[in-house]
Amino acid sequence: MRLHPVTDGRLPDWCDRFLAPVGAGDIFATRLWYDTTLAHALPPGAMPLLGRCAEDVALLPLQRGSHGGLRSLTTPYSLAWRPLPAQPSGAAALLACGASLGAALRFRAPARFEALAEDAPGLEDWLQGLGDAGITVQRYRHFGNWHEALAPGAGWPGYMAARPPALRTTVRRKLDRARRDFRFEMLREPGPALEAGITGYLDVHAGSWKPAEPFPAFDPALMRGAAAVGALRLALLRDTAGKAVAAQYWLVSGGHAWLLKLAHVEASRAASPGTALTAMMIRHLIEEEAVQHLDFGRGDDAYKSLWVAARRQRMGLVLAHPGHPLGLLAMARRQIAGWIGR
């Protein structure tokens, strides 16, 4: 495997053959996602790298951390990461990619890869290639992801009928109040209105319960980039004075909609503007955009199971080789943990 440093804050043009189009329903394998990450969310001291597997069958977006080991090019904002095979591809490409990466990791410090979907196409072939190269693969639970595939033709009434009774009652009451006391705004195109919307979003975040962002420029940059390619849905509720009291933004691609961030102003909590805004946005996505799949992103926050019914596990991997002291230590720790578990 050949490693190429990324030096100008964006993926080079030759990467395009490995990347998904924005409208293909795989937003986290697009240039939009990776270029925004490279420009606005790299940890201090990280060196972004591109791993080109044997004969360019696949691309691995990577970074080298301060301890020298390879890591996936993931951040606290990443919802999914996977090897990116050249198109068209098959199982043999990912098997060869795993073997190529495995050869590069022999006698090296352990590598860590995060935000992998357990059912990602070709993942087991990739892992088999690593194992064939003598690499020990240790899996761990990274984060939960709540989502739901919507029943065809059910529409908004069918969606709400499948929600818990308490949420149905709350949504009905809060929507009635929101229509009286607030103004719904949804932005999707570049321009002055979007910039005002981003300012409103940032004001809501600052007045919410949420901690400061680790990379404050990331969300605004992703919103602008997504708007430029038609993937953004930025929603706000404003009070009668025009002040934003709740905000959230989604990315939409190929019938999928991902809720990236949401917040409401704590001073307006009694009116439940966040609940009302989520209901308004989901109704819009179902009725106006025929979205078929809702995804509530990273984490097991209690509210998510009210809006979407299924949970899946995102996992991490530690890839270790016994020819390196740290690799041997990682393997010993795993063995000891297994003994303790038994």
Side-chain angles (χ1 to χ4, degrees), residues 1-4 6 11-34 37-38 48-64 69-75 78-143 145 147 253-254 256 293 295 312-321 327 330:
M1 186 179 72
R2 292 167 291 164
L3 291 175
H4 300 265
V6 180
L11 296 178
D13 291 342
W14 59 260
C15 293
D16 287 341
R17 62 190 290 252
F18 302 99
L19 299 171
V22 168
D26 193 4
I27 205 78
F28 304 104
T30 63
R31 174 173 291 280
L32 165 67
W33 183 261
Y34 278 113
T37 297
L38 288 166
L49 300 165
L50 298 171
R52 298 175 74 170
C53 294
E55 300 181 4
D56 280 356
V57 295
L59 178 72
L60 300 178
L62 304 170
Q63 58 183 309
R64 192 183 298 281
L70 289 177
R71 301 177 63 95
S72 54
L73 185 54
T74 48
T75 74
S78 300
L79 300 188
W81 183 93
R82 62 177 178 83
L84 304 175
Q87 301 301 324
S89 68
L94 287 172
L95 184 68
C97 180
S100 178
L101 173 61
L105 293 178
R106 290 176 62 84
F107 305 102
R108 304 286 184 179
R112 185 180 296 269
F113 295 80
E114 296 185 323
L116 286 104
E118 292 181 311
D119 60 350
L123 178 64
E124 293 304 320
D125 298 301
W126 185 61
L127 296 179
Q128 180 183 332
L130 285 162
D132 292 345
I135 303 300
T136 297
V137 178
Q138 303 176 20
R139 306 187 189 210
Y140 62 91
R141 296 163 66 86
H142 187 204
F143 62 84
N145 168 232
H147 68 106
S253 168
H256 289 63
H293 194 278
D295 191 310
R312 57 192 169 191
Q313 186 66 44
R314 292 289 187 251
M315 66 177 182
L317 304 174
V318 175
L319 309 180
H321 187 263

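No experiment lies behind these values; they were computed from the predicted model shown. Computed from heavy atoms alone, side chains included, the values below leave out hydrogens, waters and symmetry copies.
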If you compare all heavy atoms of Val318 against all heavy atoms of Pro110, which two are closest, and at what distance to 0.1 Å? CG1-CB, 4.1 Å

How about CD on Glu55, more than 12 heavy atoms from neighbouring residues, nucleotides or ligands closer than 6.0 Å, or not? no

Main-chain N/O of Gly134 paired with Arg106 side-chain donor or acceptor, under 3.5 Å: no

Closer than 3.5 angstrom, by distance alone: can the side chain of Gln138 be matched with the main-chain N or O of Leu319 as a donor-acceptor pair? no

Could you go through Leu70 and Arg108, starting from their C-alpha distance and side-chain angles, then the distance that decides it, and tell me whether this counts as side chain to side chain contact (heavy atoms under 4.5 Å, CB included)? CA-CA 9 Å; Leu70 289 177; Arg108 304 286 184 179; over 6 Å; no

Side chain to side chain contact (heavy atoms under 4.5 Å, CB included), that's the test. Do Leu79 and Asn145 meet it? Break it down for me. CA-CA 8 Å; Leu79 300 188; Asn145 168 232; 5.8 Å; no

Taking the side chain as everything from C-beta on, heavy atoms only, tell me whether Leu62 gets closer than 4.5 Å to Phe113. yes

Taking all non-hydrogen atoms of both residues into account, name the closest pair between Pro61 and Leu84 and its distance. CG-CD1, 3.8 Å

Hey, could you give me the CG/CD1 distance between Leu317 and Ile135, rounded to the nearest 0.5 Å? 12.5 Å

Polar side-chain atom of Ser100 near backbone of Cys53 as donor-acceptor pair, under 3.5 Å: no

Separation of Arg64 CZ from Leu3 CG (nearest 0.5 Å): 6.0 Å

Can the ring centres of His142 and Trp81 be said to be less than 6.0 Å apart? no

Paired with Arg139, the salt bridge (charged side-chain N to carboxylate O under 4.0 Å, His left out) test is passed by just one of Glu124, Glu118, Glu114, namely Glu124

Could you check whether any side-chain N or O of Arg31 sits under 3.5 Å from a backbone N or O of Leu11, counting only pairs where one atom can act as donor and the other as acceptor? yes

Evaluate side chain to side chain contact (heavy atoms under 4.5 Å, CB included) for Arg2 paired with Asp56, printing each intermediate quantity in order. CA-CA 9 Å; Arg2 292 167 291 164; Asp56 280 356; 2.8 Å; yes

What is the minimum heavy-atom distance between Pro12 and Leu50, and which atoms define it? CD-CD1, 3.6 Å

Can you list everything that forms a side chain to side chain donor-acceptor pair (under 3.5 Å) with His293? Sequence neighbours excluded, please. His147

Quick one: does Arg112's side chain have a donor or acceptor within less than 3.5 Å of a partner on Gly316's backbone? no

Residues Ala115 and Ser78: closest non-hydrogen pair is CB-O, 4.5 Å

Does Leu49 offer a backbone N or O that forms a donor-acceptor pair with the side chain of Gln63 under 3.5 Å? no

Would you compute the distance between atom CG of Asp295 and atom NE2 of His256 and round it to the nearest 0.5 angstrom? 8.0 Å

For Leu59 and Cys15, the nearest pair of non-hydrogen atoms, with its separation, is CD2-SG, 3.9 Å

Within the 4.5 Å heavy-atom criterion, are Leu60 and Trp126 side-chain neighbours or not? yes

Looking at every heavy atom in both Pro21 and Thr30, which two are closest together, and how far apart are they? O-CG2, 3.8 Å

Quick one: do Asp119 and Arg312 make a salt bridge, cutoff under 4.0 Å? no

Side chain to side chain donor-acceptor pair (under 3.5 Å) with Arg71: which residues, sequence neighbours excluded? none

